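These notes are about the structure you will find just below.
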Amino acid sequence: MSGPLYIPVLPARQHATGAFGRLWPDVRAAIRPLWNLPPLPGAAPQTLTMAVGKYVDPVSAVSRHGGWIDAPFGEDAQIAALAEALSAYCEWGRLRPVTGPGRTGLQQMAAVETARRCRRGLGVRVRVPGEWDGRHREDVRGLLSRTGPEVPVDLLLDMGAVLDDRPDAGKEALRALDALMPLAVWRSATLLGGAFPRATAEMLERGSCERSRAEWRMWHEVRATGRAYAPLLRYGDYGVQPPSALGQDPAPGRKGGPPWSVLRYTTASSYLLFKTLTRGPDRIAVNRGAARRITRLPEFRGAGAGEGEAWLSDCANGPLSTGEGVGGPREWLRAGNLQHMMYVVRSLPGG
């Protein structure tokens, strides 16, 4: 079994593609993102090609080493048009199609046919948001029988949100893997989970909060079981956003939002969030102060660790007389993903 070191589940949005494209080349070469097209509610099939291009063109441009492209929020009436629009990025780019149990028969067959044409393989994304449902095993077996042995397949076991309220997530992942691994000669197998919390005003009442990296703990728990497949299991997460963020409607032109946001930092065992302001007279001071709190952490890896840390250092040391370099929600997300992805790759065996 071969494959990359790290598979982040990322939205096909500007902040994520911008972060991925700015990673150091050796780090980027170790990553194969699972890109997700956002919901396109009500978009007519005849307009989907343009809509898909808006989001996937930048993804394809930064995915020189490959990855997967999925449209998990496609409406039934959009399936055929989405499949056709995405197939171009698989046949002429370096992305691979994705399907899985619970998808419509039309979506499954379209993904399989695209995989046959592009000859780069098929991602089989199996979702386990709670307890493992044994019926998925037969669904995956049927999908693989229609795919055929000539198409390389990658297992993407997606546990969804893995927070501290799911202490049995590792056990459920093992149940799923024990059922699915014997079904095929998988080219790669990845355990995905998201543990970065959804920030709330209550959580940040004191200006910051800390949450454990539960999905990182789950991956290590599975790897330590002694299963024959365990040492080969790839690690994946949702970057610095909760899984629910993938389903957010882009809503072009939407204004407003809360007067606060967050700066994010990843350590060996924790996710740290620091409150920032999006507007108001204290915005510059509060935001530079949040960056300084990160750069003064014992776990801060230094401005030379990557562009995420460099941005945080520049923000922390900038003057209070100007908002230049303070950023906004998009820049904070980009910096968060930059530091996180760099750190994850460096933390993995072989990174």
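When a residue number appears, it is its place in the shown sequence, counting from 1. Worth saying up front: this structure is predicted, and the values here are computed from it rather than measured.
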For P97 versus A111, what's the shortest heavy-atom pair and its separation?
CG-O, 3.6 Å
Between I284 and L320, the two heavy atoms sitting closest are CG2-O, 3.8 Å
Kindly compute the distance separating CG (L272) from CZ (R293), expressed to the nearest 0.5 Å.
10.0 Å
Taking side chain as C-beta onward, heavy atoms only, is M341 less than 4.5 Å from V27?
no
More than 12 non-hydrogen atoms from neighbouring residues, nucleotides or ligands closer than 6.0 Å to CG on D76, yes or no?
no
S261 backbone acceptor or donor facing T276 side chain under 3.5 Å:
yes
Just say parallel, tilted or perpendicular for the rings of W216 and W219, cut-offs at 30° and 60°.
parallel
Inspect the surroundings of CD in Q14 and state if more than 12 heavy atoms from other residues, nucleotides or ligands are less than 6.0 Å away.
no
Can L95 be reached from I31 by stepping across I, L, V, M, F, W or Y side chains whose heavy atoms are under 4.5 Å apart?
yes
Got a donor-acceptor contact below 3.5 angstrom from the T278 side chain to the P259 backbone?
yes
If we ignore hydrogens and angles and just use 3.5 Å, is the side chain of N287 paired with the main-chain N or O of L277 as donor and acceptor?
yes
Using a 3.5 Å distance criterion without hydrogens, assess whether the side chain of R13 forms a donor-acceptor pair with backbone atoms of P38.
no
Any non-hydrogen side-chain atom of R127 less than 4.5 Å from a side-chain atom of H136?
no
Is there any ring-ring contact (aromatic ring centres under 6.0 Å, His included) pair reaching into residues 5-45, and which pairs are they, with sequence neighbours excluded?
Y6-Y235, F20-W35
Would you say CD of E205 has more than 12 non-hydrogen atoms from neighbouring residues, nucleotides or ligands within 6.0 angstrom?
no
If hydrophobic clusters are built by linking Ile, Leu, Val, Met, Phe, Trp and Tyr wherever their side-chain heavy atoms come under 4.5 Å apart, do M342 and V62 end up in the same one?
yes
Do the side chain of T47 and the main chain of A43 share a donor and acceptor less than 3.5 angstrom apart?
no
Greater than 12 external heavy atoms within 6.0 Å of E113's CD
yes
Between L23 and L338, is a side-chain contact (heavy atoms from CB on, under 4.5 Å) present by the stated rule, with each step listed?
CA-CA 7 Å; L23 291 170; L338 272 165; 3.9 Å; yes
Cationic N near anionic O, under 4.0 Å, R234 to D154:
no
Can you pull the ring-ring contact (aromatic ring centres under 6.0 Å, His included) pairs that have at least one residue in residues 188-208, sequence neighbours excluded?
F196-Y271
Grab the two heavy atoms, one from L82 and one from A71, that are nearest each other, plus how far apart they are.
CD1-CB, 4.2 Å
Any side-chain to backbone donor/acceptor pair from E215 onto L163? Under 3.5 Å, distance only.
no
Between S212 and D164, does a side-chain hydrogen bond (donor to acceptor under 3.5 Å, both in side chains) hold up when you go through it step by step?
CA-CA 7 Å; S212 67; D164 286 334; 2.7 Å; yes
Is the shortest side-chain heavy-atom distance between W332 and V240 below 4.5 Å?
no
Okay, side chain of R213, backbone of T267: is any donor-acceptor separation there less than 3.5 Å?
yes
d(R94 CZ, I69 CD1) to nearest 0.5 Å is 15.5 Å
Identify whether V126 and L191 are in the same connected component of the hydrophobic contact network (ILVMFWY, side-chain heavy atoms under 4.5 Å).
yes
Under 6.0 Å from the CD atom of E202, do we count more than 12 heavy atoms belonging to anything else shown?
no
H340 vs D237 side-chain heavy atoms within contact, under 4.5 Å:
yes
Between CG of N337 and CD of Q339, what distance do you get to the nearest 0.5 Å?
8.0 Å
Other residues, nucleotides, ligands: >12 heavy atoms within 6.0 Å of E91 CD:
yes
Derivation of the side-chain contact (heavy atoms from CB on, under 4.5 Å) call for M159 and R166
CA-CA 10 Å; M159 302 298 290; R166 290 183 69 187; 3.7 Å; yes
Return the CZ to SG distance between R96 and C90, rounded to the nearest 0.5 Å.
10.0 Å
Pairing of K171 and E221 as salt bridge, 4.0 angstrom limit
no
List for me each residue that meets side-chain hydrogen bond (donor to acceptor under 3.5 Å, both in side chains) alongside E309, sequence neighbours excluded, and say none if there are none.
Y265, R301
Between R32 and H65 (side chain of the first, backbone of the second, donor and acceptor by atom type, cut-off under 3.5 Å), is there such a pair?
yes
Do P319 and R288 come close enough that some side-chain heavy atom pair is under 4.5 Å?
yes
Is it the case that more than 12 heavy atoms not belonging to R116 sit under 6.0 Å from its CZ atom?
yes
Check whether more than 12 heavy atoms from other residues, nucleotides or ligands sit under 6.0 Å from atom CZ of R117, and answer yes or no.
yes
Criterion side-chain contact (heavy atoms from CB on, under 4.5 Å) on L86 and T114, from CA distance to verdict
CA-CA 9 Å; L86 292 175; T114 298; over 6 Å; no
For the student: nearest non-hydrogen atoms of A335 and W311, plus distance:
CB-CE3, 3.9 Å
Are V124 and L233 linked, directly or through intermediate hydrophobic residues, by side-chain heavy-atom contacts shorter than 4.5 Å (ILVMFWY only)?
yes
State the CG-CZ distance between D178 and R137, to the nearest 0.5 angstrom.
10.5 Å
Exactly one of L180, D139, L183, V112 clears side-chain contact (heavy atoms from CB on, under 4.5 Å) with L144, and that residue is L183
Are L37 and L192 grouped together when hydrophobic residues (ILVMFWY) are joined by side-chain heavy atoms under 4.5 angstrom apart?
no
Can L155 and M181 be said to form a side-chain contact (heavy atoms from CB on, under 4.5 Å), step by step?
CA-CA 8 Å; L155 176 61; M181 291 300 289; 3.8 Å; yes
With a 4.5 Å limit on heavy-atom distance, are the side chains of Y238 and D158 in contact?
yes
Donor-acceptor under 3.5 Å (S60 side chain, V56 main chain):
no
Please examine the side chains of R125 and R103, heavy atoms only from C-beta on, and report whether any two atoms are closer than 4.5 Å.
yes
Using side-chain heavy atoms (C-beta onward) and a distance below 4.5 Å, is L246 in contact with P11?
yes
To check you understand the geometry: which heavy-atom pair defines the closest contact between A81 and P45, and what is its length?
CB-O, 3.7 Å
Would you compute the distance between atom CD of E172 and atom CG of L177 and round it to the nearest 0.5 angstrom?
11.5 Å
Identify the heavy atoms of G102 and Q108 that sit nearest to each other, and give their distance.
N-NE2, 4.5 Å
Checking the side chain of R292 only, and the main-chain atoms of N317 only, is there a donor and an acceptor separated by less than 3.5 Å?
no
